[in-house]
Amino acid sequence: MPSKVHEVTGHKFVATVLRQPSFCSHCKNFIWGFGKMGYKCECCKVVVHKKCHQEIGWECPKKEASVQQEAEVEMSSDGEQQCTNSPHQFTKHTYKTPKFCDHCGALMYGLYNQGLQCSTCPVNIHKRCQKNVVNLCRVNTQQMAV
Ligand SMILES: [Zn+2]
Ligand SMILES: [Zn+2]
Ligand SMILES: [Zn+2]
Ligand SMILES: [Zn+2]
């Protein structure tokens, strides 16, 4: 069977065999096991469980994006990207322990400046994922996480 695309709020999820341990971006639980299928959005690269893909509560930020737009942001500098809605305040961060990306669920490799951390909410992502993240900083909604 050809891989089927499941469209949910603009995301285009395709069942994918995960080659590395990943976290579900929706429920934050691990997607366990060898050859386990995750559902990955072809546009914003977010990875979720099959059971979670229909519950994802946010729209795909790449929904309307065209290909040339993606090339444009590819190598943009580290400058702030001023966007609408409260954007995350990302700064480069060095993690002392292995850390997984909150967006695509994959491990952030390296020893130094592995990723970006939001200074106002507990979100950590790859630099390469920044352009795919929704600008929806959830300050105040995750107080129980302390
Ligand atoms: Zn998406
Ligand atoms: Zn999940
Ligand atoms: Zn944030
Ligand atoms: Zn990532």
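Basis for what follows: all heavy atoms, side chains included, without hydrogens, waters or symmetry-related copies. Atoms within each ligand, like the ligands themselves, are counted from 1 in listed order.
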> When hydrophobic residues are tied together by side-chain contacts of less than 4.5 Å, even through go-betweens, does Val134 share a cluster with Val8?
Replying inline: yes
> Are any non-hydrogen side-chain atoms of Glu55 and Cys27 less than 4.5 angstrom apart?
Replying inline: no
>> Can you pull out every salt bridge (charged side-chain N to carboxylate O under 4.0 Å, His left out) where at least one residue sits in residues 8-25? Sequence neighbours excluded, please.
In response: Glu7-Lys12
> What angle, in degrees and rounded to 10°, do you get at the Zn ion (ligand 4) when you join it to SG of Cys104 and to SG of Cys101?
Replying inline: 110°
>> Does any part of the side chain of Asn124, heavy atoms only, come nearer than 4.5 Å to the side chain of Gln114, both counted from C-beta?
In response: no
> For the Zn ion (ligand 4), which N, O or S atom of His126 is at the shortest distance?
Replying inline: ND1
> Which protein atoms of type N, O or S are found under 2.8 Å from the Zn ion (ligand 2)?
Replying inline: Cys24 SG, Cys27 SG, His49 ND1, Cys52 SG
>> What's the separation between atom OG1 in Thr94 and atom CD in Gln117, rounded to the nearest 0.5 Å?
In response: 10.0 Å
> Within less than 2.8 Å of the Zn ion (ligand 4), any N, O or S from His103?
Replying inline: no
>> Starting from Val48, can I reach Val14 by hopping between I/L/V/M/F/W/Y residues whose side chains sit under 4.5 Å apart?
In response: no
>> With a 4.5 Å cut-off on side-chain heavy atoms, are Val123 and Val133 touching?
In response: no
> Would you say Leu116 and Lys92 make side-chain contact, with heavy atoms under 4.5 Å?
Replying inline: yes
> Which pairs, with at least one residue in residues 4-24 and sequence neighbours excluded, count as a ring pair (Phe, Tyr, Trp, His ring centres under 6.0 Å)?
Replying inline: His6-Tyr39, His6-His53, His11-Phe13, His11-Trp58, Phe13-His53, Phe23-Phe30, Phe23-Phe100
>> What count do you get for protein N, O or S atoms closer to the Zn ion (ligand 1) than 2.8 Å?
In response: 4
> Going by heavy atoms in the side chains, are Lys28 and Asp102 under 4.5 Å from each other?
Replying inline: yes
> Would you say Phe90 and Tyr95 are hydrophobically clustered, going by side-chain heavy atoms of ILVMFWY under 4.5 Å?
Replying inline: no
